[in-house]
Number of protein chains: 4
Amino acid sequence: MNTLLEKILADCARYTKEGQPASYIPELAKVDPDKFGIFVSAEDGKEYFAGDYTDRFTMQSVVKPLILLQALMDSDTETVRALVGMEATGKPFDAFNYSDQALTGAHINPMINTGAIALCTLIQGSNYQDKFSRLLNLTRRLADNPKLEVNHAVYMSEKMTGNKNRALAYMLKAYGMISAPVEDVLDCYFQACSISVSCKDLARIAHIFANHGVHPVTGEQLFPAGYAKYVNATLATCGMYDGSGEFALNVGFPAKSGVGGGIMGVIPRRMGIGVFAPALDKHGNSVAGMQALAELSKELDLSIY
Amino acid sequence: MNTLLEKILADCARYTKEGQPASYIPELAKVDPDKFGIFVSAEDGKEYFAGDYTDRFTMQSVVKPLILLQALMDSDTETVRALVGMEATGKPFDAFNYSDQALTGAHINPMINTGAIALCTLIQGSNYQDKFSRLLNLTRRLADNPKLEVNHAVYMSEKMTGNKNRALAYMLKAYGMISAPVEDVLDCYFQACSISVSCKDLARIAHIFANHGVHPVTGEQLFPAGYAKYVNATLATCGMYDGSGEFALNVGFPAKSGVGGGIMGVIPRRMGIGVFAPALDKHGNSVAGMQALAELSKELDLSIY
Amino acid sequence: MNTLLEKILADCARYTKEGQPASYIPELAKVDPDKFGIFVSAEDGKEYFAGDYTDRFTMQSVVKPLILLQALMDSDTETVRALVGMEATGKPFDAFNYSDQALTGAHINPMINTGAIALCTLIQGSNYQDKFSRLLNLTRRLADNPKLEVNHAVYMSEKMTGNKNRALAYMLKAYGMISAPVEDVLDCYFQACSISVSCKDLARIAHIFANHGVHPVTGEQLFPAGYAKYVNATLATCGMYDGSGEFALNVGFPAKSGVGGGIMGVIPRRMGIGVFAPALDKHGNSVAGMQALAELSKELDLSIY
Amino acid sequence: MNTLLEKILADCARYTKEGQPASYIPELAKVDPDKFGIFVSAEDGKEYFAGDYTDRFTMQSVVKPLILLQALMDSDTETVRALVGMEATGKPFDAFNYSDQALTGAHINPMINTGAIALCTLIQGSNYQDKFSRLLNLTRRLADNPKLEVNHAVYMSEKMTGNKNRALAYMLKAYGMISAPVEDVLDCYFQACSISVSCKDLARIAHIFANHGVHPVTGEQLFPAGYAKYVNATLATCGMYDGSGEFALNVGFPAKSGVGGGIMGVIPRRMGIGVFAPALDKHGNSVAGMQALAELSKELDLSIY
């Protein structure tokens, strides 16, 4: 299996030359575009890996499924559903042109920025730093990695330049969908996007979603199975931005990408995968990462369709 | 299993009172809204059923996966992909407001009207009646039912009132995406929508998609496995109109609904399901049909997520 | 005055090199892009001219104010208003992406294709050839030119290639805004667009709109003053496609352009102008024509603002 | 003339019962909806009036032409044009759904919120309080009323609840169209909207626009004639929100309405009119105010078309 992973990275290395690292957050543009790593957390917790699998990068949108999970755990399914919809929007992740009429939850979903920002408000905590701490702790627990931290430079870069997210958050506020101070909510969201992880962390988190909340080694039920299915279904239809249909066809399992270059792949009942390659396509998805997942899916027959 | 199906129909019967049969095609409005049937084609070809599972209704959009399959078989994956995209549009199935700019394949997908009309042109045949005959034969073969026919009254009703589809087809033509005479293409499409089937037919067709092209009893490979995965992936992301995200969450497998009241459910590697209940929600999906599939999914753990 | 017109043509001749003649109707692409003419019908019917003012070209969208006028004369203001709106759409003249919801009159206006096609149905006549004949007669009468005829080659070219207009017309039909056979309505519309005129014809027609329906020489009231104001107000807000705001600023009077290269300018209570230069900008407006009108407006203080 | 104005107010008084005062700014909802006043500044500075013409209300969007004028005076036409477009958007004044692509100046105009906020940055001043002071001084000078002040309660109400404007401003900032701190720019904008005026003030300001910058009594040229034409042309195409086409037809001269219930009417080369009646239609325009202007336009033949 490690050999297979090595082969796939070699085969797909040329795709690291396609696309560009994210540039709209200045700190992200500094990354080495040749980096390429993969990590698989397989049945019974066996682990396989290749390339730059220990390199660290920020989660960016990969944190959205965790925000959704924490919101589900801290409020409940009905509250989450009342706040944000479930349908693909057919638009980029940071689109603002939803509707001529008032913005409603039906226009957005948890995997686009507007939806994820809104869901931060459903996390428990007496203030937004508390809320973020809960989310960070959940992420650490699912990754079995108590050392996960925010990349401060990326966080500050996001905070300084995140005016489109500010616009989206004020739109949510204007339509009564959030009531907390916008900068507080965004501070939680920007920190969440800036959590620094490796492929290994993503693969372990993904494995628990794949395993419907059960830790693959200890057997502990970390959260209800229904929440895992909620998250996985959302990833399948909206996880790869407006490239989700293409990804379903070419790869065939739930996944979430982030503009930091990471992708978290969830193969229900089987395994979790983390991949990292920072050059992105126009949708914001890692080019080489998607190719590697496509090849691995083919080799191991991972498509759920 | 038959007892389970009976119980589910009884539990969900009240949902036949919610929603309304399609009215925009006059002939469809004549249906009895209390009809409710279900059919399951399970492992090894064992079959289970309850309610009005022999009642006939027209396929309407349920024929779209078959048009996609025939187009894949008669041209190839690249040609299909070049003509129509894969992404959910975030819009109703008959939307025309895709873009300020020129319409391109990237704006549409095979499960919305515009995409399905375009794909009719990729079916082989010296004329559009030939093309339709191929599609009907494929449908008969997958359903193991050589008697499948067009419901002529519904076809005529669609032809008389299908001006929105005419608008969509002329838009395709205006942007050079189809070159054949619009009325010829539409005649193929309207006939396809008007094929009369039962829940049993849908379940058997679905089972072959679930089985990746292999007939569950004879073991014959009726079409390449890759085409089945193509269709199933498309159903998972776009099969239930702009209710696809909700359906993924509540039910959790690829499916296609039609405004005739039918839903075809594909549980990959396991089974095919047909359900019929003509009262529709605002997206055009059978209300009781979706409820029955949700309950069955829960009972048999059918979610693929 | 003729000297001024000569000077303006000379000054603006270089603009005939900017832009391109319309190419989407093959017959229109054959025009000589260096043609440039202007004609002014001034107070008391005095007439001035320069350049290719006798050259003939098809009216295209310049006929829209005449369709609106004929619809007002043959039905009444309320019926016209009930069918088509008055607001600028912020979209190109042949846009189809008005609304996620059903198309209504409020989405369109008489100066875009959809609105003008709809208004053809309000012209009196036992069939659409009769209706067109009434429109042609009105055009002849306002232009004082009984010889105006359809350019048959352009008409056939529009009919063969007018699929976007077919799409728009079927959309109108799908939403119940027109009931007649689409091809009949389009035949009226395509013929109207193909009426062959010169700058002189346009200037004389414009002068009667400027004069609120009164013939500037005979004094005859050809149609009610209120209809002229209706048309002129519509031209001021929507007459130059999605370049109407810019035109109001740079030129400052009601005008209507057509992709044949003509512009008809209406200076209320003062004069009518026709200009012809077939190279168009991205909005479909004659580049040199607009420049000539801007210069003339400045010289003679024609802005109504 | 005063008798005519009295008669018009009496005729149109019933329209004060149609529509509703603005409620989205809480302070505005407190107004008495029966208020109704009109003031005309006519040739040679003669003044006529009726009803509640001394009642004070906040300018709201009526200040937009003054922001545009101040921006023109403090930068120049090219800079203004480079920042904001001229075309009607076909959307409500506070729409945010302009484009799937990046926001550009071409998507907006000076009479919608996004455009007016952007133009505040072009006013001269070492800080935004200075910029606002310049704008207030200009307003005072045009109104011949040095006592004009901000209504502090309305300003605070706008500031507290103006989250949609914050969203629009952050969108401008995200796309590099403004660089100053958003709250500073908005403080200038919110104060501008909160300037308290009477019908008399509006009529006098309008008269100077009508007079192309020349004071009707002193004959002083307060600003270049070209700027007046710029503003008037913008009002004619976009001044009455997405009811501008209808207003051109029914009334027929440049005008600007505000959700405070005021309308400023500019009859080029003739007069200025102010009207006040706080019940608004769905576009945000004063219902009784528009009726009064329509009747006055008919009586005095004020239409410019």
Side-chain angles (χ1 to χ4, degrees), chain A residues 77 80-81 84-92 95 97-100 106-112 209-210 212 225-254 266-269 282-283 297-298 301-305, chain B residues 77 80-81 84-92 95 97-100 106-112 209-210 212 225-254 266-269 282-283 297-298 301-305:
Chain A
T77 307
V80 168
R81 292 296 298 281
V84 298
M86 276 297 296
E87 302 310 317
T89 61
K91 293 181 186 298
N97 58 334
Y98 301 113
S99 158
D100 269 1
H107 293 122
I108 59 178
N109 74 54
M111 294 302 127
I112 60 169
F209 281 114
H212 293 164
Y227 294 169
K229 288 182 188 170
Y230 194 129
V231 170
N232 296 345
T234 309
L235 296 186
T237 53
C238 316
M240 299 297 286
Y241 306 127
D242 45 343
S244 297
E246 180 107 3
F247 189 85
L249 186 56
N250 294 340
V251 184
F253 49 74
V266 175
I267 297 88
R269 301 180 179 82
K282 65 174 174 173
H283 300 301
S297 177
K298 210 172 157 190
D301 194 21
L302 299 180
S303 168
I304 62 173
Y305 302 121
Chain B
T77 307
V80 168
R81 292 296 297 281
V84 298
M86 277 296 297
E87 301 310 316
T89 61
K91 294 182 185 300
N97 59 332
Y98 301 112
S99 159
D100 268 2
H107 293 121
I108 59 179
N109 73 56
M111 294 302 128
I112 61 168
F209 282 113
H212 294 163
Y227 294 170
K229 288 181 189 171
Y230 194 130
V231 170
N232 296 345
T234 310
L235 296 186
T237 52
C238 315
M240 299 297 286
Y241 306 126
D242 44 344
S244 297
E246 179 108 5
F247 190 84
L249 185 56
N250 294 339
V251 184
F253 49 73
V266 175
I267 297 89
R269 301 179 180 82
K282 64 175 175 173
H283 299 300
S297 177
K298 209 172 158 191
D301 194 20
L302 298 179
S303 168
I304 62 174
Y305 302 120

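Chain letters run A, B, ... following the sequence lines, proteins first and then strands; every chain starts at 1. Just so it is clear, the structure is predicted and the values come from calculations on it, not from any experiment.
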- Message: Using modelled atom types and a 3.5 Å cut-off, is there a donor and acceptor pairing between side-chain atoms of Glu87(A) and backbone atoms of Glu246(B)?
- Response: yes
- Item | Region of Asn250(A) that comes under 4.5 Å of a non-hydrogen atom in chain B | side chain
- So, do Tyr305(B) and Val231(A) sit near enough that their side-chain heavy atoms are less than 4.5 Å apart? no
- Message: Tell me the closest heavy-atom pair linking Ala233(A) and Ala248(B), and the distance in Å.
- Response: CB-O, 3.6 Å
- Query: For chain B, which of Leu235(A), Val266(A), Asp301(A) has the most heavy-atom pairs under 4.5 Å?
  - Reply: Asp301(A)
- Name the member of Leu249(B), Ile267(B), Thr237(B) that forms the most heavy-atom pairs with chain A at distances under 4.5 Å. Leu249(B)
